[in-house]
There are 4 protein chains.
Amino acid sequence: MAPRHDVAHLGHVELLTPEPERSLWFFTELMGLTENGRDGDSVYLRTWDDYEQYSLILTASDTSGLRRTALRTSSQDALDRLAAAIPDGRWLLAGAGIGPSYLCTDPDGHEIQLYWETTWFEAPTGLRPSLKNQPQAYPGRGVSVRRLDHVNFLAADVPANGRFVAGALGGEVTEQIVQDDGAIAAQWLHFGNKSYDLVYTNDWTGSAGRLHHIAFATDTREDILRGADIFLDNGVFIETGPHKHAIQQTFFLYVYEPGGNRVELCNPLTRLILAPDWRPISWTQAERAKGQAWGLKTIESFHTHGTPPVPAKAL
Amino acid sequence: MAPRHDVAHLGHVELLTPEPERSLWFFTELMGLTENGRDGDSVYLRTWDDYEQYSLILTASDTSGLRRTALRTSSQDALDRLAAAIPDGRWLLAGAGIGPSYLCTDPDGHEIQLYWETTWFEAPTGLRPSLKNQPQAYPGRGVSVRRLDHVNFLAADVPANGRFVAGALGGEVTEQIVQDDGAIAAQWLHFGNKSYDLVYTNDWTGSAGRLHHIAFATDTREDILRGADIFLDNGVFIETGPHKHAIQQTFFLYVYEPGGNRVELCNPLTRLILAPDWRPISWTQAERAKGQAWGLKTIESFHTHGTPPVPAKAL
Amino acid sequence: MAPRHDVAHLGHVELLTPEPERSLWFFTELMGLTENGRDGDSVYLRTWDDYEQYSLILTASDTSGLRRTALRTSSQDALDRLAAAIPDGRWLLAGAGIGPSYLCTDPDGHEIQLYWETTWFEAPTGLRPSLKNQPQAYPGRGVSVRRLDHVNFLAADVPANGRFVAGALGGEVTEQIVQDDGAIAAQWLHFGNKSYDLVYTNDWTGSAGRLHHIAFATDTREDILRGADIFLDNGVFIETGPHKHAIQQTFFLYVYEPGGNRVELCNPLTRLILAPDWRPISWTQAERAKGQAWGLKTIESFHTHGTPPVPAKAL
Amino acid sequence: MAPRHDVAHLGHVELLTPEPERSLWFFTELMGLTENGRDGDSVYLRTWDDYEQYSLILTASDTSGLRRTALRTSSQDALDRLAAAIPDGRWLLAGAGIGPSYLCTDPDGHEIQLYWETTWFEAPTGLRPSLKNQPQAYPGRGVSVRRLDHVNFLAADVPANGRFVAGALGGEVTEQIVQDDGAIAAQWLHFGNKSYDLVYTNDWTGSAGRLHHIAFATDTREDILRGADIFLDNGVFIETGPHKHAIQQTFFLYVYEPGGNRVELCNPLTRLILAPDWRPISWTQAERAKGQAWGLKTIESFHTHGTPPVPAKAL
């Protein structure tokens, strides 16, 4: 069955941080995002190639984690169609930079916000690019990531959430991990030609609504190697990488931003999923045991660290 | 209006060459394509990331140029829908690696072949990749391009052809050149998230059905820089580049393969068109006069060389 | 004859600018140098991999150009030996960060300062690197060049100056341009394994003591491509490149800093001259006419622009 | 004290392999070396930027390991001076591509061959480069390494060997590992501006004359990332990497060639040691425990695998 294309792409996320000042420093000075407004405890931040107003809402909170993931639909009709098919959501009035939206949750409780209307970004003086097919001047500050690329949720029941994204939102599974007992431990889903936009990974703690990581795409692998040096010299915790994932073949680097949330720098080279009838790739436990593409063993914390942190008694 | 997505992606092209042996050497040894069968005067060649059987049919001929451009549809329904809407085409029986197809022409006379059924590539021993999400082992030979990326046609009437791709095939214009007199001199159209798949550029000779270039995507800009050295040491004519286009921001290198056809190595970094309501960017003559992104002047032959060559009397 | 190694390497240069504020912005914000002190009209600037105090003295002046080029000797003996062999110089007292030095001029009048004693840089808090084999944290700001790489002087009599560098300083010619009439139009000389440190190019204006460009080395070619975008979006004039020189095979980009001085970003990949008996490569006019390595024609201003500018009456 | 520069650079090594056919395939097809003659059980192989005849002699043997390391001196005088100062060596007649040489051993028993006369490589038709400052056309086959970069010996007594290289050969220590008990566990020594040419690492087995690895320099880090894919798809064992060493900051990848010898792909970016009075950097056990630059833990086999393998009874 051909993709439905009702969801066009990942729009932005709202990330919570108990260290708002230092998280803001991380995203602006090291990642190279640009501030585009504030509202209460929230700062709106944009990557330089975002045609909308912002890619990330950074909100001060008593803990870390992801409050909301916003997806832009491909039309008003698509938004209405999606809303009609998801009974448990509710409409929100137009908000910062976007029109009316429909807020729902996936089975694990992550908030998903669907919207169609958006305000295109017009660069003010000082941010104006030289080439008119680019929303904003290239910042040349820190890593200077191009875009918010994907969100990796933790979930108690991965396939249930995958079915929601496929059934309700029209996403499709491109790759997945299938354990020897048949259980699906992770699923990568996409809406367009990117090989994934939303990912679900098993949350072994039994908690709900947690985040594994958000990812930003760089233009090159060299940007990620350079980024590793920048993080190193700025005292940012590097969890693992740079290396190449076997799954999806993404070149990656994982760090923890000062608020504790895991952030990935990712680069897919020019890989795209063009086949409209792509067949999901299933990876076995044995294949996963080989580690990443070039043999790097998957680090233990990759299976345990999520945000917000789970109280010890819950473990 | 949201994209129709009836055409999924560029499938393959058939290229004519009066120098079949040397063209074959160019595409296999320098570009890194892999032979996957022969039929009469034609050799089937594939890039390593092609999930189908081949990306290029190289056919010996008395002249150069492009015989045919094949586009894969997103479903059988989409194929039928497209065929029904294009009255002047005809159905072809299933051919090498693909099912029944509908053959039509754009207003300038370029053959467009639409097909849905395709035979996925299963790598034989010796070409088997280590990672199961890749169709074929990475060749490590010459440039080792990832995929056929786009086709740039020459056309006497650019907007008429752009309207055909938009109206009949569901493509959308992402960028274009608009002269001071309002004439559209070139249009870039896309079907998915790639920023362009088919391009029309004005053919000032008044000829019909000619080719400006076919392009192959590399994984990195470094692959293109390395490619330039490979072409240099192998006596391949470098027309212009490596440099960065202002239009579409593609990093590029243009060479002439031994048969005379212009071939581009292109790398878009991670740029994609995600907005479902993308607004075409129009470039003025004054903007074009500035040259490419970093100031390289557009080389004269870029406006004059096409294949097949036009007899002098036609000029 | 084996190299003498009395001169160890290029230490720093003093550059004049009639636009001190904007030149400073260029070197700190775009090139990524770090300020390390001021003295009168001069600002001391360092690249992140400089083990000494500074790589560039930027001095406000009524015009542009190069005031002085400082070379570090390989020992106190070497300094004394050099001074003894160059009768027309004079000793200077210890200055900012360096010990007593011997100041002389090449035949064209460029000031050459030889010194041995130097104060190693100790990074203050905030600039401290994570790896102890690096003098300073990687700035991650703009291009973030690694080092001052070479100086290209203009000279009325190229071979006379080349003989001075070879005879008095112990440099050796690695490559040169020899015209059809036998005249040497340019010479590249080196002191260690770098393929060049000082370059002389013919100054057709008949002026003396002028600068063609100073060059800073980047870690990668990608840094230069990224730099081109940074310069583009910041309104810095890009003269030519990025491209690859045929001579020395350096990957290059030339811009004019706001004071008018030409600045090169250069990357030699990992090329070194290891042969102790290297034979100078001589390029003919015909070879030069082919342009740069991949065919880029040498831009006209490359033959005409030098600093300080020459009054029209002098031309 | 200033460097003596009597040794100009690493010339070539002779490597032993019990799998001569497959080792030859590895070095020619995957590493991109070019065969330049055979003699008995030996094949002469060259990297494309070697100005001499060959960089590697690959010799069939009953086991693996390194037979000999050849260093080119900076003059005939330097060769004579070195020979005079090393009493235990012997002169060899002129051999393949080189003149008379002086053969000695380091304290651990590794053969060191010193020579001055060499035959510069003249590329035959088919290998002729386009640019005259390059010895051979760029192969564009596999990784296409630029040069043999360094040799890492194992030794029972690291400082004794380091003193030999420093005292007898004029090398200098740039970095070293100093254990908490004061023992020196590894030393990196250099002869010119490269940050290291010969390395000694502690051989805990008590064996003598063994090899840790030989290393080839690539032009870019991208070449190493691409190399990792080539090795992966060709079934070559990847031991660790790609990653960045803390020591020397080299970007690296380690594989075992089919004969069992460890081979490194290394890229130093543009890092050079320019200071003539460089102060050796000493790394503590605690610093080493942090792993490589970006946190990768040093893999266990890195401390145990050497060639030839040591019989179990010896352990």
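In what follows, every heavy atom counts, from backbone to side chain, and hydrogens, waters and symmetry copies are set aside. By convention in this document, chain letters (A, B, ...) are assigned in the order of the sequence lines, proteins followed by strands, and residues within each chain are numbered from 1.
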Exercise. Hey, is CD on A/Q179 packed in by over 12 heavy atoms from elsewhere, all under 6.0 Å?
Worked result: yes

Exercise. Does D/I247 reach the side chain of D/R288, with side-chain heavy atoms less than 4.5 Å apart?
Worked result: yes

Problem set entry | Side-chain heavy-atom pair D/P135, D/D49 within 4.5 angstrom cut-off | yes

Problem set entry | Best-contacting candidate, A/L253, A/D229, A/I299, against chain D by heavy atom pairs under 4.5 angstrom | A/D229

For this session: Counting only heavy atoms closer than 4.5 Å, note whether D/F251 contacts chain A via side chain, backbone, both or neither.
Result: side chain

Exercise. Between D/Y254 and D/F231, is the ring centre distance below 6.0 Å?
Worked result: no

Exercise. Side chain, backbone, both or neither: which part of D/K244 has a heavy atom under 4.5 Å from chain A?
Worked result: side chain

Problem set entry | chain A contacts, top residue of D/G295, D/P242, D/G241 (heavy-atom pairs, under 4.5 Å) | D/P242

